Amino acid sequence: MEEFDVPTRLGRLRVRDVGNGPPAVLWHSMFVDSRSWDRVVPALAERRRLFLVDAPWCGQSEKTARPADIAACADAALDVIARVRELTGAAAVDWVGNAWGGHVGMHVAAVEPALVNTLVAVSAPTGAIEPALRRRVRLLLPLYRMIGARGPVWSTIVSTLFTERTRREDPQAVDLVREAVRVSGRSMIPAIETAILHRTDLAWAAEKISCPVLFVTTDDRGEWTPEEAREVARTMHDAREVTVHEARVIPALEQPAQTAGAVLALWESNARQTPLPVPIT
């Protein structure tokens with residue numbers, strides 16, 4: 001495994017490079033960093049060269065940028081993709097994004113379709129943030145600024161991300177989130193504003209995306225049900241939905257085997273239908 005930094009429009013982003021094969025870029029959810037993919041890396045790295053991004057304000061990435069929006073994150077993602085193309089000679093990448101990362105990937109695939117071979121959007125609602133959730137987050141932010149990810153702030157984070165069973169039986173998953181918010185500290189606040197409060201409706205993107213799309217949903221996230229994802233998929237050019245069971249927002253942590261299996265199935269299906277992209281020269 002190697003690590004390198006990519007200068008982007010939202011600061012320097014840390015990227016881990018592991019595996020072999022055509023390139024895939026992975027962008028994580030809120031309140032974690034690229035380590036949230038570690039449980040699926042062994043399976044995915046057998047088929048792809050993975051570029052695991054610490055998103056702006058998170059992990060080992062720079063934390064000085066002002067709050068932005070999904071469009072600005074997509075611009076930063078394009079900077080990462082440009083670097084990946086330089087390193088691999090590939091014309092395009094497979095994109096795997098969880099929640100925040102799914103929204104970024106949808107935006108990229110819509111505005112730069114030639115750069116995305118396939119798109120996996122995990123636990124990533126296409127609609128704007130619901131007003132009730134926006135209000136709850138706005139109420140918590142001042143407390144986060146005062147005390148950090150402790151007390152009621154920590155309880156809200158961990159109960160939002162994980163099922164009750166995971167919180168009870170999987171201390172390693174909980175500790176990963178605890179360490180991620182510790183490393184990011186209060187710089188997590190602009191990430192929250194960007195990825196949650198500034199999240200807008202991506203129906204326009206869904207209409208424009210032409211590459212094969214997999215919506216990975218879970219059976220315990222009320223905001224984005226399997227039925228809702230299937231309804232959106234039916235309106236798209238080439239999209240489908242797979243449900244991961246006994247998971248909430250980060251199925252790669254809660255149910256890595258199911259999650260990796262769904263991603264690999266998309267890649268294998270796409271490989272059977274289309275030849276691998278010709279490397280750029």
Side-chain angles (χ1 to χ4, degrees), residues 22-29 44 47-48 50-51 53 55 68-82 84-85 90-129 194-195 198-218 221 223-244 249 251-252 259 262-278 280:
V25 177
L26 287 75
W27 185 300
H28 56 82
S29 179
L44 301 187
R47 306 295 179 85
R48 292 294 187 274
L50 307 178
F51 294 88
V53 181
D69 56 18
I70 296 300
C73 293
D75 286 340
L78 288 171
D79 293 331
V80 173
I81 290 173
V84 168
R85 294 173 72 210
V93 303
D94 293 298
W95 183 276
V96 183
N98 189 167
W100 181 8
H103 299 137
V104 174
M106 283 187 265
H107 199 291
V108 170
V111 301
E112 294 288 352
L115 297 182
V116 182
N117 286 322
T118 63
L119 168 65
V120 178
V122 181
S123 193
T126 56
I129 181 175
T194 298
H198 297 172
R199 194 184 97 204
T200 55
D201 194 328
L202 285 171
W204 67 269
E207 292 177 1
K208 294 182 68 173
I209 295 170
S210 57
C211 69
V213 175
L214 175 66
F215 289 120
V216 178
T217 65
T218 65
R221 179 170 184 175
E223 184 191 5
W224 181 236
T225 66
E227 293 76 18
E228 289 171 320
R230 286 186 215 115
E231 185 63 30
V232 172
R234 280 192 285 270
T235 70
M236 297 175 66
H237 173 72
D238 182 6
R240 68 216 74 176
E241 179 274 340
V242 169
T243 306
V244 172
V249 175
T259 306
V263 176
L264 291 172
L266 174 70
W267 290 347
E268 291 169 4
S269 173
N270 190 58
R272 288 194 298 269
Q273 296 177 30
T274 58
L276 292 175
V278 177
I280 59 175

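Side-chain atoms are counted along with the backbone in the values below, which use heavy atoms only and exclude waters and symmetry mates. Bear in mind that the values here come from a model prediction, so they are computed numbers and not experimental data.
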Quick one: do Thr200 and Asp69 satisfy side-chain contact (heavy atoms from CB on, under 4.5 Å)? Show the steps, please. CA-CA 9 Å; Thr200 55; Asp69 56 18; over 6 Å; no
Going through the checks in order, is the side-chain contact (heavy atoms from CB on, under 4.5 Å) test met by Ile81 and Trp95? CA-CA 10 Å; Ile81 290 173; Trp95 183 276; 4.1 Å; yes
One pair to check against side-chain contact (heavy atoms from CB on, under 4.5 Å): Cys73 and Trp100. What are the steps and the verdict? CA-CA 9 Å; Cys73 293; Trp100 181 8; 3.5 Å; yes
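Nearest heavy-atom pair, Thr126 versus Val232, reported as atom, atom and distance to 0.1 Å: OG1-CG2, 3.7 Å. Pairing each heavy atom of Val249 with each of Pro251, the nearest pair is O-CD, 3.2 Å. Across all non-hydrogen atoms, the minimal contact from Ala91 to Arg85 is O-NE, 3.1 Å. Shown here for Ala124 and Ala99, the closest heavy-atom pair between the two residues is CB-O, 3.7 Å. Taking both residues in full, the closest heavy atoms of Ala74 and His107 are given as CB-ND1, 3.5 Å, listed atom of the first, atom of the second, then distance. Closest heavy-atom contact between Leu26 and Leu50: CD1-CD2, 3.9 Å.
Listed by chain and residue number, nothing satisfies the side chain to side chain donor-acceptor pair (under 3.5 Å) test with Glu207 (two or more places apart in sequence, or in another chain). The side chain to side chain donor-acceptor pair (under 3.5 Å) test applied to Arg221 returns Ser123, Glu223, not counting sequence neighbours.
In terms of modelled atom types and a separation under 3.5 Å, the side chain of His103 and the main chain of Pro125 share a donor-acceptor contact. Side-chain atoms of Asn98 do not come within 3.5 Å of backbone N or O of Gly101 as any donor-acceptor pair.
Residue Leu266 holds its CG atom at 5.0 Å from OG1 of Thr118, rounded to the nearest 0.5 Å. Taking CD1 of Ile70 as the reference point, atom CE of Met106 lies at 9.0 Å (rounded to 0.5 Å). Rounded to the nearest 0.5 angstrom, Arg199 CZ and Ile129 CD1 are separated by 6.0 Å. Distance check: Leu202 CG to Trp204 CH2 gives 6.5 Å after rounding to the nearest 0.5 Å. In this structure, Arg48 CZ and Trp267 CH2 are separated by 5.5 Å, a value rounded to the nearest 0.5 Å. Taking NE2 of His237 as the start and CD1 of Ile209 as the end, the distance is 11.5 Å to the nearest 0.5 Å.
Applying the side-chain contact (heavy atoms from CB on, under 4.5 Å) test between Val25 and each of Val93, Val96, Asp94, Val116 identifies Val93 as the sole match.
Within the 4.5 Å cutoff, side-chain heavy atoms of Leu78 are placed close to those of Val108.
A salt bridge links Arg240 with Asp238: at least one charged nitrogen is closer than 4.0 Å to a carboxylate oxygen.
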